[in-house]
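Data block below; observations after.
Counting starts at 1 for both ligands and their atoms, following the listed order. Numbering of residues begins at 1 and proceeds along the displayed sequence.
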Amino acid sequence: MPFELKNTLNLPKTDFPMKANLPQNEPKMLARWEQMGVYDLIREARKDARNRGHKYVLHDGPPYANGALHLGHALNKCLKDFIVKSKNMAGFDAPYVPGWDCHGLPIEIKVDQQLGKKKLQMNPSDVRLECRKYAEKFLNLQREQFKRIGVFGRWDDPYSTMTPEYESVVLHAFYEFLEKGFVYKGLRSVYWCIHDQTALAEAEVEYEDHTSTTVWVKYGMKDDPGSIDPALKGKKVFTIIWTTTPWTLPASMAVAFHPDEEYVALESGGEVYIVAAKLGNAVIEKCGLTEAKEIARFPGRKLERVNFRHPFLDRDVLGVLADYVTMDTGTGVVHTAPSHGAEDFLTGLKYDLDATSRVDEAGFIREGLPEYDGKKVFEANAPIVELLKTRGVLLHTEKLEHSYPHCWRCHNPIIFRATEQWFISMETPMPGGTLRTRALEEIKKVKWDPAWGEGRISNMIATRPDWCISRQRIWGVPIAVFLCEKCGKPLLNHEVNRAVGTLFAESGADAWYTPAADALVPTGAKCTHCGGTKFKKEMDILDVWFESGSSYLALRAAEPSEYGPTSDLYLEGGDQHRGWFHSSLLCTIGVQGNAPYRHVATVGWTLDENGQAMSKSRGNDVDPVDIANRMGGEIVRLWVASVDFREDVVGSERLMQSIAENYRTIRNSLFKYGLGNLYDFDPARDAVPFEKLEPLDQYILRQTAAMSADVIRWYDEFAFHKIYQRVLNFCAVDLSAVYFDILKDRLYISAPDSPGRRAAQTATWRILEALVRLLAPIMSFTCEEVWGYLPAVSGRPQSVHTALFPSRDEILGPGVADDPKQMEDWATLLAVREQVLKALEEARNAKQIGKGLEARVKLTATGPLYSLLSRYRDELRYLFIVSQVTLEEKPSGNGTGSVSVQVSKADGKKCERCWNYSIHVGEDPSYPTICERCSAVLQELEKSKK
Ligand SMILES: [Zn+2]
Ligand SMILES: [Zn+2]
Ligand SMILES: [Zn+2]
């Protein structure tokens with residue numbers, strides 16, 4: 001016997017490992033990428049696109065450099081990586097320059113803690129150096145962690161807000177605003193953290209629950225009440241205010257009424273109280289006004305400029321009108337402290353009220369009565385309530401749990417405090433309108449994704465106050481202007497500004513803290529306001545949001561030929577409508593007149609399985625680096641692809657495990673199995689043209705082409721979860737359970753070079769070539785690994801990531817026309833297959849047969865179904881993986897027809913080589929245990945041996 005039978009089968013073989021060992025192998029792949037310079041290779045591969053201006057710029061929002069990665073970071077960066085890689089594979093030149101936000105309070109606070117008392121002896125430059133080291137440490141850590149999960153980008157040259165180049169761009173942007181007249185310095189009541197001792201931006205405020213002491217306090221009317229209503233003449237009249245911040249009462253300058261709401265005068269116990277009509281009953285109840293009787297009613301506007309008396313200070317308090325007075329809680333009368341409220345401050349401007357703050361940076365009340373002087377604001381509440389009691393003006397007090405603004409850094413409750421700050425005006429005229437109207441117009445040109453983002457950011461821009469851009473800290477970009485020592489106004493001199501800008505570009509913002517900066521005031525400089533000749537440096541720094549808002553400007557400044565006025569995409573968390581999307585919009589409009597983005601997409605929050613936000617302290621966080629080290633960065637990436645990122649997403653150990661399971665399905669049922677059957681396939685020599693493929697091969701390739709078109713479209717729509725689901729289903733069902741299952745007979749049993757086997761290999765090869773590209777943006781490690789195992793073809797680039805997505809022609813062959821009829825036929829044949837597999841399963845359960853190959857299937861079909869099946873008569877046994885199929889027509893029936901299935905034992909004997917049953921086993925004297933088909937194959941093999 002010339003052949004050992006089992007050596008004549010073409011069983012799969014490949015070195016592509018079944019076990020991925022991602023935690024061990026990914027770092028090796030990273031080293032390979034590093035060595036080949038994969039990011040530069042991709043850029044090089046898209047040079048033509050770049051020259052044609054076929055670019056796609058995703059501009060990275062800078063994470064804050066003060067901690068290790070959390071799952072939200074991984075989600076954010078992997079999504080960007082999917083987009084950038086897929087745009088490159090779609091033929092765009094898509095650069096990706098990652099960035100970091102390095103200045104600001106969180107780092108300065110950490111460094112303060114580390115330095116402790118030592119800080120007091122240090123000069124600002126040395127403190128800044130410590131902050132820089134701290135930021136550098138975390139920038140480097142995060143960079144390594146982002147790389148670890150396979151994110152490509154210009155990692156060796158990112159942008160960072162603390163480089164001299166970046167700092168000079170920020171300063172330049174500030175000067176643009178200054179020289180165009182947007183910037184002013186003024187007293188404002190701003191959010192103030194008494195713990196961090198600095199002003200806060202809107203975006204730095206978070207609402208948390210807080211218990212406040214609330215008081216109902218009566219203010220006596222000083223003017224003649226008869227002038228408001230005759231019924232009040234000669235009575236002792238008061239109004240009642242309600243406040244949740246008793247400590248602001250020393251600053252009470254006015255009581256505000258709503259001009260159009262009705263107010264009532266309630267008489268009780270010999271006194272008369274004016275409160276809003278809608279809240280009358282509530283006040284009566286809270287303040288215990290016994291037998292209260294309404295004696296007059298009038299609109300709020302009658303109380304304008306009526307004088308009241310402060311409840312415990314020797315001060316008149318003015319009746320004022322304000323639209324923001326609401327009728328939902330309290331008394332409808334708002335005690336107004338211009339130094340401690342944004343709206344109060346504006347009302348104060350209107351009525352010329354004193355807005356001087358008597359609360360210092362640390363929150364201590366100064367120049368007050370002995371009862372509360374020198375106390376911290378929140379600690380002053382109790383003595384002030386006592387004081388109100390002793391003065392007989394407290395009508396009621398109670399605790400209130402409510403949502404109250406807190407500092408997002410230190411989580412302490414914050415206050416409003418009037419201070420001198422730098423502002424960018426939203427109302428200064430500019431070409432085309434004001435910063436506000438221009439921003440609102442630009443918003444309309446942007447694609448907001450999801451669409452609700454447009455309303456959110458529009459409302460914020462429409463209602464926001466002027467932008468308070470100054471902070472009283474050290475770690476940032478200083479507001480580098482010289483102030484007249486006499487009048488405090490800034491020296492407005494373009495040349496000087498330019499000199500400072502040059503100094504920053506050379507030596508960084510640190511230079512402001514050295515004598516080099518002082519030398520920049522030209523001799524003989526005069527204040528244009530007062531003629532003063534002495535100047536000092538402003539030491540406030542810019543709001544960090546102004547810095548990060550300038551990031552696209554910085555990118556453009558560094559590489560003007562690479563970046564146009566508008567980027568293609570910003571993609572960040574849904575809270576950035578008040579943060580980075582917002583500040584970027586204002587910065588670029590101020591400097592260059594337009595929005596920095598065409599498309600803004602937002603990402604949901606990462607939650608645990610119970611819908612709770614993840615946090616390290618709560619212990620429900622999933623650490624992406626830990627997952628990468630235990631399961632693979634690829635698993636983190638695949639998890640990101642699996643979620644619908646526009647919604648809040650859920651991450652957990654359990655989910656990661658199930659993702660890892662699905663990873664194995666794709667790895668083994670697609671790649672490993674496919675590669676295993678290509679070991680002797682040379683595309684140049686063996687590939688079969690489409691028209692010579694078997695119908696099933698043609699069908700699966702058409703399926704692949706259709707899926708490929710969907711996948712490419714879904715990349716364009718950022719619908720990665722659809723790609724994930726579809727590909728997974730394709731691998732598990734279309735390939736593993738159907739196509740590859742049916743193919744085994746043809747691949748293993750036929751002669752190696754037989755047309756049927758080469759056809760099967762051609763289809764398998766084309767499927768792999770398509771999917772390795774289609775999946776590369778997501779499964780970047782695995783696809784690169786597979787890339788190295790694919791049959792060699794000439795001109796194959798070094799990395800899959802420099803390849804393009806497969807075209808329809810590449811999958812099917814050039815010029816292959818659509819064939820809906822063929823697709824329909826095969827959908828029907830596969831449905832019949834399902835029916836047969838069910839019947840085989842039943843026969844197996846009834847112990848009638850064992851394996852499918854032991855069966856003979858009899859189909860009885862009617863109508864068009866019969867004619868379809870009869871056309872494929874010879875294919876059917878392979879399709880069903882049985883040994884024999886007979887087909888009979890039942891003449892009756894109409895419509896599309898139907899089929900019934902009968903299963904019996906196959907005729908003949910089992911072939912020892914292919915395990916099919918045949919009545920011809922034993923007919924070949926050289927191989928008495930094999931069937932006629934195998935006998936033909938062996939004869940073929942013998943011939944080729946000779
Ligand atoms: Zn704080
Ligand atoms: Zn001056
Ligand atoms: Zn056989």
The Zn ion (ligand 1) to His411: any N/O/S contact under 2.8 Å? no
Assess Cys407: does it contribute an N, O or S atom lying under 2.8 Å from the Zn ion (ligand 1)? yes
Which label fits Phe378 and Tyr404: parallel for a plane angle under 30°, tilted from 30 to 60°, or perpendicular past 60°? perpendicular
Metal-centred angle, the Zn ion (ligand 3) as apex - SG of Cys931, SG of Cys914, 10° resolution: 110°
Rounded distance [0.5 Å steps], CZ in Arg758 versus OG in Ser750: 10.5 Å
Judged by modelled atom types alone, do His411 and Glu208 share a side-chain donor-acceptor pair under 3.5 Å? yes
Among Trp422, Phe177, Phe423, which one satisfies ring-ring contact (aromatic ring centres under 6.0 Å, His included) with Phe546? Phe177
Among N, O or S atoms, Asp196 approaches the Zn ion (ligand 1) most closely through OD2
Is a side-chain N or O of Gln884 found less than 3.5 angstrom from the main chain of Asp907, in a donor-acceptor match? yes
N/O/S atom of Cys530 inside 2.8 Å of the Zn ion (ligand 2), strictly under: yes
